[in-house]
Structure formats: C-alpha cells, structure tokens
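All chains are named by letter (A, B, ...) in the order of the sequence lines, taking the proteins before the strands, and each is independently numbered beginning at 1.
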Amino acid sequence: MDYDFRAIESKWQKFWAENKTYKVEENEQPKYYVLDMFPYPSGAGLHVGHPLGYIASDVFSRYKKLKGFNVLHPSGYDSFGLPAEQYAIQTGQHPAVTTENNIKRYREQLDKIGFCFDWDREVRTSDPSYYKWTQWIFKQLFDCWYNKETDKAERIADLVAKFESNGNKLVKADTSCETEFSAEEWRTYSEKEQSDLLQQYRLTYLDDAWVNWCPALGTVLANDEIKDGVSERGGYPVEQKLMRQWMMRITAYANRLLDGLEKIDWTDSIKDQQRNWIGKSKGASVRFKVDGFEEEIEVFTTRPDTIFGVSFMTLAPEHELVGKITSADCKAKVDAYVKAASLKTERDRQSDVKNITGEFIGAYAINPISGEKVPIWIGDYVLASYGTGAVMAVPCGDQRDYDFAKAFGIEIKNIFKDVDISKEACDDKSAIIANSDFLNDLPAKKAIGVAIQKIQELGVGKGKTQFRLRDAVFSRQRYWGEPFPVYYENGIPKMVPDDQLPVELPEVDKYLPTEDGEPPLARAKKENWPTFLGDRMEYNTMPGWAGSSWYFMRYTDPTNEKEFISKEKIDYWGNVDLYIGGSEHATGHLLYARFWTKFLYDLGYVPFNEPFQKMINQGMILGNSSFVYRLELASFFIPGLDDPNQVPAVKEFPEIFVTKEIYDDWANNEKLNMHYKQVVSKLESILNRLIPGDLSQVLSNVKWEYSFTKLHADISLVDNGVLNTEGFRNWRRDYRDAEFVLNKDGKYICGSEVEKMSKSKFNVQTPDELVDKFGADTLRLYEMFLGPLEQSKPWDTKGINGVHNFLRKLWRLFHDQDNNLTISEEAATDKELKTLHKTIKKIQDDLERFSFNTGVSNFMIAVNELTDYNCHKKDILEPLLILISPYAPHICEELWEKIGNAPGTMTKAQFPKFEEKFLVEANYAYPVSFNGKMRFKLELPTNLSKEEVEKEVLASDLSAKYLEGKAPKKIIVVPGKIVNVVL
RNA sequence: GCCCAGGUGGCGGAACUGGUAGACGCGCUGGAUUCAAAAUCCAGUUCUUUCGGGAGUGAGGGUUCGAUUCCCUCCCUGGGUACCA
C-alpha cells in the first residue's frame, strides 16, 4: 500500500502523546481560546455527529497556532448526569464506576481522531477536586445580594451592616422581601428570623417551589418527561408537590443578561431565544376594583394608554379570585370551564389559536381611570404563570382580545381617531388616541407616559417592567450530582466552612429516593458522610448546569488547589474566543454560564463580563433510518370451517414483514391493490401450515383483517435499501421465525427517512468503523467537506472515497510509482507559485470566516493542479503541507518529517505568507455580455483602461454578430471583472 | 400564531462586497488499461432543442446595464416557542 494511513496515524498519535506536543503554557504570544461544548460521556459512545464540532474547533486551533497564537484548546467531561444514575439504580453499580468506563471509551474514540487537546488540562465535574470549587462558588452566591444602586452583586456582610444602621428602608436590592423593618427591629430578630429575612436577599436562597412529583417512580419529573398528565416512562400519575428548594436569583441579572447580548458575536437565532426567554416588557401594573367586593384585580399591561378602551377583563381560569367573585348563576358553567382548562397543558392552550373559549363569571370590574363597569371573563388564553394572570382586555388595540370579543359578542369600543376597527384590531403605536379624556389626540408613544403618570397620581398602579424570566430551581432530588456545601442547625441552613470543602458524596445502599420521598442522599447515615456538620446535611444535589456554568474558567488553571482559578491565569487567557457547540443549550447552559460569569465579574474574580465572545452552532448530523413494515393481523374468518378448535389463534402466526412497495400501496389506501394477492397468499400458506391436513379448498375464501406498522430496522442490516433478511431474523429473538413478503426481484426493500441520529432509531454511525477503514485524516476532511458547519445535514458515507483519494493524490505528489520519496530542490515555476499562493489566500480567507467545507475543495483543486504540472518541488509542497495540516495532521506530519523536518515540529511551523505578486496576470479573459447575457470571452491585457477595453470589445469580430450593426446604448466595463453591452 | 434558519443539477454543496450560476466531490455514461475484476487514467454529465439557440437558483412581482445575492408578496422544509397582556 502506498499511503499506509494506519501505520502513519498510530505512529503520530503515539508521538504526540509521548512528547506532549499539544501542551500549552502561558507565554509571550497573543492568546486564543477555542472551546467545544462540554461533552457528557454517555454509555453509547461517540457517533459521527459528535466529532463534527470537535473537528472544526481542532482545525481552527491548529490554524491559529500556525498563525502565531498561543492556543488554549482543552477538553473534559460533564460527568454528572442522569443516565449514569439510572444505570446505577438498575444495576446497583456506583455511577462513578460507569462514568469512569464511559470516559475511557470516549477518550479512546477521541484519541483516534487526532485532536490537539491539551489533556493535562482535563476537568471532570464529578471529580471532588473540581466540584470543591463549584461548591465554593455556590457559597459566594449565598454570601451575596444584588444592589440595584451599584447594579452589581455585593457581600451580605455589607447588607447586614446597612440593616443594623438603617433597617431595610433605604436598601435598593433585588429582593422578594416586602416587609419593611428598622435597625431596632432588625436587632431584636432571632437568628432564625434574620436568616429567613436574609434568604430573601441572597443570590441563592431556599424557597418552596412546585415540582412534578411522581410517587410511583419516587422522583421529580421534568415537563417533557410527562405526557397527558402521566409519566412518559411507565405511565404513572404525576402530582404537583411543594418542595423546599435552593433557588438562583438569576432575575437580578435579567437586564444585564439582555444588554450583554449586544456585545457578543452569536447567531441571531440564539440571541433571540435568550431575549424571548428573559422576556422584558415595559408597561404598567394597574389595579381594578371588583364591583361589590373588597378584592382588587391587578393587571399588567404594556399599553396603559389604551385604558379607556378596556371593554372587559379576562382572568386565567386558575386565578385565585375566580372562586370568590363568580356569581351563583354562573358557577356551574365556570366550574366546568376551569376543570376543562386544568386538563389542558400550557402547550395545548397556546397552540389552539382558532378555537376561542371562555366563560363570563357574572362579576364586573371597575375601570380605575374611567370608572366604567366592565364584565369579567375567564379564558384559557390567559396563563396564570405569567404576570398577574389577568388581562385588561382592549379589543380595539389587541387582536387576541378582539377575537375574544367577537367570539362572545362583547362590545368593542374604539379609542383610535379615524381608524376602522370593523375588521381587525389596531396595534399601530402611531395611531392617535380618541374618546380617552386626557389622552385624546396623543399618539401611543406619548400617551403611555401620560397614562402611567395619571395611574400613579391616582394611586391605582405604577409603571413597571416585567420579566418573564423566573428564578432558577437549583436543587435536584438525585444522587449523582454535586452535594451542597450546606448543613442545617435548628432548621437554619448554614454553609460548610471553606477548609472542610469539598463535601463529598456519601455512600448509600440504593440510589433511589427514600420511601417518604426524600432524595437519595437522605439514605446516608451520619457516618457515611465524609463531612457532617450540624443536625443534618443537605439532601439535594446540584443540577447538571452547576458544573458547566464555570468549567471554561477552570481550564485556564485546572489543578489549582488554593483557588478556583488564579488571577494571573484568567487574566492571561481571558474569556473564550471561539465556542463551538449545538444550539440546544440556548436557554439553559448558555444563560446560566453568562449569569455566573457576571456574578464572578462583580466580585472581581474574572476580568470579563461575557464568557463566550464568538459562538458557532454546528448543525445536527442526521441519520438515515431504515424501516421495515410489520403486518398486524387483527382477525380472520374461514367461511367453511365451523369448528373453532380447528382455527389457529392470531398470535400463533409468525411475524410477517412486507416489502416497501406493498406497504406504500396499502398506505395509499387502494383497497384491492395489486399486492393484496401476495399478502393473502403468504397468510394462506402460513395458515395451511398451522392447520393440520390439506384445506386448500376451504382456504380460498378466507377473510383477513390486517394493517401494517412501520418499525425501525438496524441500518447495519440494510445495504442499499435491501434488507439482509437472515441477519434480521437473528437480530432479535422475536424475529427468529419472521416471514417476508418480497418484491418481484425477490428482495426485501426497506423504507428510509432522515431523522435525528439516536440509539433508539437504530441509525447510529460511529466514527470508529470509518477511522478503521479510511483513517482519521479522511474522516476529519470528510466531516468538514459535507457542507457548512452550521447547517444540519444527513450523514451519508457515499462521498468519503473522494476525500480519501485526495489524500492518496497528495501522497503521490511526494512519491514515485514505487513509493520512493521524490522531492526536488528545483525552483518553482510561475504556474506552480500561482497555485500555491491562490490556495494560501483561499484557505486563510475561508478559515477566517469559518468556512471549513470550501477549504477542502481548495486543497483538492491545488493537488489536482500540481499533479497536472507533475510538481515535486519542495518549495511548493512544503508550504502546502502546512496549509493542509490543520485538517489532516497525521499525513502532513509524516510527509513533513520525510522531506527533512524534525519530527513533531509541524505545529510550530509558520502559516505561509500570501504574496499577491504571484497572482498577477498579464491577460484576463473578459466575459462579454449583451444585455446581461454572457456571450463570449475576450482575452485582453489587464492594464487596459475602461475606454480601451470598450474599444477592443466593439472592435472584436465576435461582437459584430450580437450588435447586428446597431450602436450600443451603453457599455459597462468593470475592469478585471466583466463587460456588459446594452443594446 | 409568533421568532429564527433554509429552499441552487440525480446527490452533498460552491459562487465572499450585485458582475462568467453549477467550483470541488459523489453518482452516472462512454473510452483506455486488464484474461477478468478492483484500482487507475481520459472524456462527458443543469434541463431543453429543429443544434441557430432557448430556459434555468421554491413561486410571482420590483430595483438595476446586470440579481442565487437587494426590496415586496406568497409557498414549502427544518428548528425554537410562552396566544406573554
């Protein structure tokens, strides 16, 4: 074999590991920080979709190194997580053991692809030396409050000092505390009372929060683990349960999280998702009295200027006043509506736009500005979880309110001057207000301010900015997560002192919750806890996003035992310059990491406000799933056969699978389709076998009832759409006796669909087999060659030969037919230099704009051209190797060494310098267009002026044909580009 | 519903600031080499055609000497979502 990739790749992988080629230290060079999103080491290992982003970041890191940067490109593992815990529950094996095994497998797979990670910087969230500092950060959050005056986090001690001197009256904090107290009062409070009050100021605090509790599973479930009110797994009932939880006061940072988006280079899509998630809206909160009751209804509105247009009020069905103010005659209907709404999920309520529902509750609200009485309705388009759960409905100015009013025949008042609202609402903020007393003749923009002023004067409300963002629940009732550095004493939560960190996970007998629903850690006895203080330790653990909210900082100083990171290191490395990962973390990890970064910035621990300066979201690699079609026999009836004992049961039939054509035919609902006969004859032959004796006479009239279901088949059993039926029978026990109805060529054709790659869809392609067959360099090039990084694309290995051939061609540029090195010291020709410098420019430009796929094409073009020139010159090939090395490091290192460089110095090479002079040409073939249509090319010297070009074009014989003797109206000449003749 | 991304040959895709549409690769067709196959090499490959051309980047308009690129309207696909008051 000429290009022996197996030998080359294992040689260099070994060399790099032994010589620590990719180790980085702080130095004089400018820094560049490239990071991949934290991988979770799942038991399934890597599939071809995972390395896509890692390859891109690896190529970019290597490129930046060649450009003279000191590049930090680390990796590690987000190694706490649910799958390991679930496996532990099933097998009793400690999750640390499973996790360790999974990491080993991941590492092996990663190493085979030849990444330039500095593994000396590896971090694992589940390692006590790491989570010690996650706990430490938690303690800092506990020890801080948010000062709205300075707009940053400050120490609790300062707050306590303020309380001691002035109480909380003058303190402008982000707090849930609504009671006011003086300094004297503060001093009289007990320790418990003070602790409870401070909780309302701390950035992490204990509070009761509703969770989805599933008693049968003994766990709390996420929203998407619940389908139709029961657990997705097992179908057990789920109830709402109030639980004491650690919360994160992320809402204190809402404004800064929003504003910070302006300064970072992320896609609009992710930024929009974060903006929507934070959901800032400005407006006013207004209180409406309920006619005949003491109670008031508070609403939030972004359009206080339309308050004279309020025609009715809508409450969420869950609104606490609904029970109190509903009139007796409406009660039955309202109760029924509330019940119906409670059965719908928020999603259902949101997606059902066409079906407008609601119910009048027989009560009236009084408009605090106009004094008008308006009916109160409930409607499930109003959600209790947002704002106050009540809407002042202005149908003339809001389409949703408009549709509601129309649906129930509620009067629609018009408060806009010269605007027709007979068809739809008017939400144009430039419309002029009318019929609105003091707001008349003002446009909305001005009227909003005036309205708020009036509302405040009258004391019926105030201007308000509302956020959708809610404080984040930070407790999980799980085992495999960071323990909190918290213990309880007399019911007061206290922090474990720094010198006793980390609080390590205790051993437990089972990884399940206790019978009374306490988290697994409650199983640990006092002596099981490596650290135990007070009456008891905290039983909850931290969520997955705890460790991943600061891991990018730890890479700069991964083994520091004294601090979470040192000031010098983080000052040198700064924030992440390029972050590559999927967009699925848009409102999770990416928001929380920004929150923690801003917090640590406030305390002066890190010099940056935003963790990830530029981010690229790689598209998903989709799998090509294969499907088989199983016949589901419902029943059958044999006319001439009366003895029921002679009739076999449906379940005695083997599994029957039909080829795609038959399924398609059936799915197209052709009753007596052309394949019907084949299916029936298969069924009859099976029936014949099941019934003893020859019954062929009787069998001809059997009535069959059946349908088909589509099932995933493992893609390894399918070749070019054709199922390996024998392999399929052996795939699973139930299919051992499967029968197949084949197509006319005697083949079983599978269906195929492009879907997300996942184990459950049996469409996973691992990188291992490809590395084995073609080598890591080929895989790296191929994954980059597939298309733009950001786009999702189906995985298909059809084209992989193309890039593999490219590498072989590259190899052959350095070797003769007998695979002997042939490299010449001869001076390069102009043509060869042009190819080289054209390529340098392309590769550099493409990489600077993260266009990895076009880079590969350009290598191919260069190698094709040099092959044509029969070029074996070192002056050309050596720089070319440097260009290709970020993509295909193994083969390049090998050739680099072969042509006389010291081994392992490839990464220290300098990216070749592009020189314009080699691209300068004496002539250029101008494309000449007539009325915008390209007709021919005309070779002209590049130094001609516009006028000269024009003259040459008109004088050309080729032009005569298109001019047809007419004089052109106009001629456009773009020098070096194009000529267009307008007739 | 709303927000975002996208729609170019048989396929993956290229065309960067409005300037030769289809680079590069796959696949396919024909040929060379071979006893044969693989591999390799050469030629062709958007569609259509009366071989002069004509049409063509989801559809329809617009701006422009010139539009895949900019603007408007619409359709389709994928992702996100909370009817957010």
Side-chain angles (χ1 to χ4, degrees), chain A residues 267-273 275-277 279-281 283 285 299-303 306 313-314 316 346-347 349-354 356 379-383 385-394 397-401 403-404 466-468 582-584 586-587 617 619-620 622 754 781-782 785-788 790-806 808-809 812 842 845-846 848-849 851 853-862 864 925-937 961 968-974 976-983:
Chain A
T267 61
D268 287 337
S269 152
I270 298 266
K271 285 191 191 182
D272 281 340
Q273 280 182 57
R275 281 192 195 105
N276 291 339
W277 193 259
K280 181 177 183 171
S281 41
S285 77
V299 299
F300 173 76
T301 175
T302 52
R303 295 291 302 274
T306 61
M313 177 161 280
T314 317
E346 276 199 8
R347 258 294 165 76
R349 280 163 65 165
Q350 137 215 171
S351 56
D352 196 3
V353 193
K354 285 166 211 137
I356 298 165
D380 65 6
Y381 76 98
V382 179
L383 300 178
S385 60
Y386 185 79
T388 58
V391 175
M392 61 171 229
V394 183
D398 181 289
Q399 193 57 44
R400 233 177 22 240
D401 295 343
D403 295 339
F404 193 88
Q466 177 103 15
F467 288 95
R468 177 207 173 257
S583 55
E584 67 271 21
T587 51
N617 304 112
M620 215 190 297
L622 304 166
V754 172
L781 279 165
Y782 187 60
F785 189 59
L786 277 178
E790 298 93 327
Q791 244 164 59
S792 62
K793 52 227 150 194
W795 179 254
D796 190 343
T797 53
K798 263 197 300 216
I800 200 163
N801 270 313
V803 291
H804 189 67
N805 275 341
F806 155 73
R808 297 179 54 191
K809 280 188 195 167
R812 261 180 275 131
K842 286 268 190 192
D845 291 353
D846 286 353
E848 291 293 342
R849 61 192 173 98
S851 175
N853 54 327
T854 49
V856 183
S857 302
N858 286 310
F859 293 141
M860 290 174 171
I861 294 168
N864 286 346
Y926 275 94
V928 180
S929 307
F930 288 79
N931 287 336
K933 281 254 170 233
M934 209 280 280
R935 294 303 180 181
F936 59 85
K937 283 186 189 174
K961 182 177 156 194
K969 277 190 195 138
K970 199 171 170 187
I971 300 180
I972 284 108
V973 177
V974 185
K977 282 263 159 98
I978 195 178
V979 178
N980 190 16
V981 182
V982 188
L983 292 172

Nucleotides 50-57 of chain B: which of its N/O atoms have a protein N/O under 3.5 Å away?
residue, atom, partner, partner atom, Å
B/G54, OP2, A/R935, NH1, 3.3

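The separation between A/D403 atom CG and B/G1 atom P is 13 Å, rounded to whole Å. Per the geometry, CE belonging to A/M392 stands 16 Å off P belonging to B/C84, to the nearest Å.
Annotated as anti: B/G61, whose O4'-C1'-N torsion sits more than 90° from 0. An anti base is found at B/G31: its glycosidic angle is more than 90° from 0.
Among the heavy atoms of the strands lying under 4.0 Å from A/Q791 are primed sugar atoms or P, OP1, OP2 only; no base atom is included.
Side-chain nitrogen and oxygen atoms of A/N853 include none within less than 4.0 Å of the OP1 or OP2 phosphate oxygen of B/G25.
Nearest-nucleotide positions on RNA chain B for A/K793 and A/N980 put A/K793 closer to the 5' end. If you find the closest nucleotide of RNA chain B to A/S857 and to A/V982, the one lying nearer the 5' end belongs to A/S857.
Salt-bridge check for A/D272 with A/R275: passed, with a basic side-chain N closer than 4.0 Å to an acidic carboxylate O. Between A/K842 and A/D845 there is no salt bridge, since none of the side-chain N atoms of the basic residue sits less than 4.0 Å from a carboxylate O of the acidic one.
Every residue two or more places apart in sequence or in another chain that forms a side chain to side chain contact (heavy atoms under 4.5 Å, CB included) with A/K977 is listed here: A/V974.
The closest donor-acceptor contact from the side chain of A/D401 to the backbone of A/G397 lies at 3.5 Å or more, if one exists at all.
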